[in-house]
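What you are looking at is a predicted structure, and each value in this text was computed from that prediction instead of being measured. All values below come from the heavy atoms of this structure, side chains included, with hydrogens, waters and symmetry mates left out.
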Amino acid sequence: MTEHLLVALNDRQREAVTLGPVSALILAGAGSGKTRVLTTRIAWLIHNGLVSPQGILAVTFTNKAAREMLTRLSAMLPINTRGMWIGTFHGLCNRFLKTHHREANLPAMFQILDAADQLAVIKRLLKQMNVDEQKYPARQVQAYINGAKEEGLRADRMEAYDRHSEKLREIFAEYDAQCQREGVVDFAELLLRCHEMLGRDSVLRRHYQERFRYILVDEFQDTSRLQYSWLKLLAGPTNAVFAVGDDDQSIYAFRGARADNMQDFQRDFNVQHVIKLEQNYRSHSNILEAANAIIAHNKNRLGKNLWTAEGQGEPIRLFDAYNDQDEAAFIVDEVKALAAEGVALSQIAVLYRSNAQSRVLEHALFSAGISYRVYGGLRFFERAEIKHALAYLRLVANPDDDTALLRVINFPARGIGARSLEQLQEAARGQEGSLWQAAQTAGGKVAAFTTLIKSMQESCNGLPLPEMVAAVIQMSGLKQHYLTEKEGADRIANLDELVNAAITFVNENDADSLVDFLTFASLEAGEHQADPGHDALQLMTVHAAKGLEFHTVFISGLEEGLFPHEQSMIEHEGLEEERRLMYVAVTRARRRLYLSHAQSRMLHGQVRYNIPSRFLDEIPQALLKRLNARVPSQAMQTGGGMPSISMPWRIGEGVRHPKFGQGVILAYEGGSDARVQVNFRDAGTKWLALEYAKLEKL
DNA sequence: TGGCCGAGACTTTTT
DNA sequence: GTCTCGGCCA
C-alpha cells in the first residue's frame, strides 16, 4: 500500500521514514537525502492514517525549504497542503499570534519589524532617551536585545553588573514598551511572545499538544535555545518529535544557533532512535574523502562518515596563485574551459568566505565576458523604494506604526522638517500615544499628510489587494518623485513589480488581505536568486551555498586569516565552526572541486600576505592534484631549500624556521643588523635578526 | 533640503 | 579600497 513511497529509499532512510510515534534524531549528512526523508515521512504518516494533515507540525529554517516541502508533499499525496502547519519558526509563531492575538496582548493587525525597521526604532529611541550613541551604538543595542530574546529573556530578567549593562537593560525595557505602544513586533519577539503565551496558557498549550501529535524539525542543528524550548512546550510529554540535522553543518552559531540542542534533545526526549544517514548521493568519493578528512579534525562531533556508491572521480585541483588577481584569472580560464566542455555556467559555483572577495572575481569575469550572478545583498522587499511603498501600506493598515510614519511623512518631500517632527514627537510623548494620534491635532503640512493617509484608507476600502497597492503607490507620489531622479527608472520598475508581487501573492495564497501581504513582505524578504532561465556562473559566500549543489565548485581564498577567518580564532570554538564551514563548502561539489589560495591579496585597502589555509593540510595529499605554483620569478631563481642570509628577502615570501615553523615575510629592514618580520602560522608574528635566525625559503 | 566631505569600519545572515 | 553614516554648510 505504501510501497510506492518507500521504493526509492535506502534502508536507513526507510527506517527513519517508517518510525512509529516516537521521538527520533536523524543525523543526516550532506547530500544524504534529508529533505526526501522528511517529506516522505509526512506522506507516509498521513497515507497510513497515523495522523491527519492537521495533526502535523513541520518546521524549517527558510521559507524556501518550507515551500519545497509543500511542493514535494503535494506531488506525493493527493491532499490539500494549504491548511497544513508547515513553515519557519517565525512563520508558525506569527500564525499562533495572529490566531490568539488577544491572549498574546497584541492588536489584531500587529506588524512585523524586519532587522532594518528594528534598527530604526532603536536609533529613534536612543535619541529620545538622550543616550550617548558612541557608548551605545544602535547595532550593539540591537544585538543585545536580539541576543537576550533568543535566550528567552526579557529586560526584567537581564543581569546588570555595572552602569553600562544597567543602561542597556533600561533601553531594552523602553524598546519593548515602545513596540507594544506601536503594535509592532520584531523577529525574535514573534518567537518569544508565542513561547510565553503557550507557557502561560495551559488550556491553549494542551489544545495544541493534543493537535500536533507529530512534530518534524529540519536543520535541527541551527535551532536556538528559545526555539528548542518552544518545541518542548508544543511536544509536551508524549508527542513524537522527528529532528533532522547535521552537527557538522552547523555554521550559524554566531547568530544563536546551538548545535548542542541535539545532545539535549536526546536526553530530554529520551531518544531511543538515532539514525545516521551517511550514504551520499551527490559527490564522487575523492570529494567526500576530503570532506571527511577535514571534519575529522573537529573534536566536538556526534560522529558520522559519508560514503558513496559512486566512483572516486577526479582528483581535487589545488591552485597556488601569486595574488588575488592571478587567482581570479585562473578561475576565469578554468570556467571558460569547463563551459567549452559543455558544463552549464549555472552548474559552476565560486565560493568565498566573505563578500568582499567577490569584487576581484567580478572584475575578472566581467572583463572576460562571462555572465555571472552574485548572491547576497539587498533583496526585493528590502529596497528603499519598496520599503517606502510598504510604509504607506502599513499606515493604511495601522496608522499608529511610528516607524512607517516616520519613514514617509516627508518622503517624497512635503516640507515637514526636523522641527515639525520634533514637535510631533514631543506631543506624542506628552499624551503617551502614537505619532499619528499626535498628528491629528496638528495643522499645516502635517495635517495635509494625515489627510492623505486617510484618503488612502478610504480609497482602499473594498479594493482587491493588487489594486490597493497600485492606488497607494499612485497617491503617495513616489512614482512622480522617482521620475525626477537620475536612477529613478529602476525604482519605478520595482514599484510596478510590487503590484505584480501582490497579484502573485493573491494567486498563490488563500489570503488577499493587506495585513497578510505585509506580513509576507516582512517574513519573506524575497529571493536572492534571480531568473533561473539565465545561465550564469554562481558567486556566493559559503554560508549562502548551504543546501545547494553544483557540478563544479571553486573554493577561493583558502588562506589563514581569511578562511579560517582571523576573527574566528578569538571566538570560543570559532575554529571548529570555520572547519564546518569548509566542510559545507567542499560537500557542495558533485564532480569537480577546485581549491585556490593566493600568496598576497588586497584587503581593506592594503596588500596582505597570507599562508595557505590549514584546511588544505588537512586533506590527504593523495586526493590532490597540484596544478602549479605561480611563484614570483625572483623566488623561482633562488632555487629551493638553500639557506641564505645575504640574499634579500621578499615580502610575501614563504619561509620556514627550525623552531617556529612555517611563516610569511611581512616586512624587511636592511642594514648591518637586517631583520625581517615573519608571520608564523603557529607562533604568531615575530621580528627576527637575519644574522642569527636560520630561515629557510619554502 | 540636499549635497558634500571626512571618519571609521570591515565575517558569516534568515526570519 | 569602498561604502555608509553623520555632521555641516549653502
TODO: Check whether the ring centres of A/His90 and A/Phe61 lie less than 6.0 Å apart, and answer yes or no.
DONE: no
Task: Contact under 4.0 Å: A/Arg139 side-chain N or O vs B/dA9 OP1/OP2 - done: no
Open item on the list: For the base of B/dT12 and the side-chain ring of A/Phe254, does the geometry meet a stacking cutoff of under 5.5 Å between centres and under 30° between planes?
Closed with: yes
Open item on the list: Taking 4.0 Å as the cut-off, does a side-chain nitrogen or oxygen of A/Thr541 come that near to OP1 or OP2 on B/dT13?
Closed with: yes
- [ ] Specify the residue among A/Phe89 and A/Ala413 whose closest nucleotide of DNA chain B lies further upstream toward the 5′ end.
- [x] A/Ala413
Task: Spacing of A/Arg601 atom CZ relative to C/dG1 atom P, expressed in whole Å - done: 16 Å
Open item on the list: In this structure, is the centre-to-centre distance between the rings of A/Phe366 and A/Tyr372 below 6.0 Å?
Closed with: no
Task: C/dC5 and B/dT12, which share atom name C1', separated by this distance in whole Å - done: 23 Å
- [ ] Starting from P on C/dG7, measure out to NZ on A/Lys127 and report it in whole angstrom.
- [x] 7 Å
- [ ] Between B/dT1, C/dC3, B/dT15, spot the one nearest the side chain of A/Arg359, thanks.
- [x] C/dC3
Task: Given B/dT15, C/dG1, B/dT13, the nucleotide with the shortest approach to the side chain of A/Met602 - done: C/dG1
Task: Gap between atoms CG and P, on A/Asp114 and B/dT13 respectively (whole Å) - done: 17 Å
Open item on the list: Counting only side-chain nitrogens and oxygens, does A/Asn63 get under 4.0 Å of the OP1 or OP2 atom of B/dT14?
Closed with: no
Open item on the list: Tell me the interatomic distance from A/Glu219, atom CD, to B/dT13, atom C1', rounded to whole angstroms.
Closed with: 14 Å
TODO: Could you check whether A/His90 and the base of B/dT15 form a stacked pair, meaning centres closer than 5.5 Å and planes differing by less than 30°?
DONE: no
Open item on the list: Without decimals, in angstroms, what is the distance between A/Leu558 CG and B/dT11 C1'?
Closed with: 15 Å
- [ ] Name the nucleic acid region contacted by A/Glu571, choosing base, sugar-phosphate or nothing; use a 4.0 angstrom heavy-atom cut-off, strictly under.
- [x] base
Open item on the list: Both A/Gly415 and A/Ser522 contact DNA chain B. Which one's nearest nucleotide lies toward the 5' end?
Closed with: A/Gly415
Open item on the list: By the 4.0 Å heavy-atom rule, please label A/Lys123 as base, sugar-phosphate, or nothing.
Closed with: sugar-phosphate
TODO: Run the ring-centre check on A/His597 versus A/Phe563 and record whether the distance is less than 6.0 Å.
DONE: no
Open item on the list: For the CZ atom on A/Arg414, are there more than 12 heavy atoms of other groups (residues, nucleotides or ligands in this structure) within a distance under 6.0 Å?
Closed with: yes
Open item on the list: Under 4.0 Å, counting only non-hydrogen atoms across every strand here, what does A/Gln118 touch: a base, just sugar-phosphate, or nothing?
Closed with: nothing
TODO: Could you please name the option among B/dT11, B/dT15, B/dT13 that lies closest to any side-chain atom of A/Arg255?
DONE: B/dT13
Open item on the list: Over all strands shown, is A/Tyr252 touching base, sugar-phosphate only, or nothing at heavy-atom distances under 4.0 angstrom?
Closed with: sugar-phosphate
TODO: May I ask you to check if A/Lys387 and A/Phe381 form a cation-pi contact, with NZ or CZ under 6.0 angstrom from the six-membered ring centre and within 45° of the axis?
DONE: no
- [ ] Please state whether the rings of A/Phe96 and A/Trp85 are parallel, tilted or perpendicular, taking 30° and 60° as the class boundaries.
- [x] tilted
Open item on the list: So, does A/Arg379 get its side chain near the phosphate of B/dT15, meaning an N or O under 4.0 Å from OP1 or OP2?
Closed with: yes
Open item on the list: If I take atom CD in residue A/Gln357 and atom C1' in nucleotide C/dG1, what distance separates them, rounded to the nearest angstrom?
Closed with: 14 Å
Open item on the list: Please report the distance, rounded to the nearest Å, between CD1 in A/Ile570 and C1' in B/dC10.
Closed with: 13 Å
- [ ] Measure from NZ or CZ of A/Arg255 to the centre of the six-membered ring of A/Tyr252, then state whether that distance is under 6.0 Å and the direction lies within 45° of the axis.
- [x] yes
TODO: Report yes if at least one side-chain N or O of A/Asn355 is closer than 4.0 Å to OP1 or OP2 of B/dT11; otherwise report no.
DONE: no
Open item on the list: From the set B/dT15, B/dT11, B/dT1, return the single nucleotide nearest to any side-chain atom of A/Asn410.
Closed with: B/dT1
Task: d(CZ, A/Phe563; C1', B/dT11) in whole Å - done: 11 Å
Open item on the list: Of the options B/dT11, B/dT15, B/dT13, whose atoms approach the side-chain atoms of A/Ala544 most closely?
Closed with: B/dT13
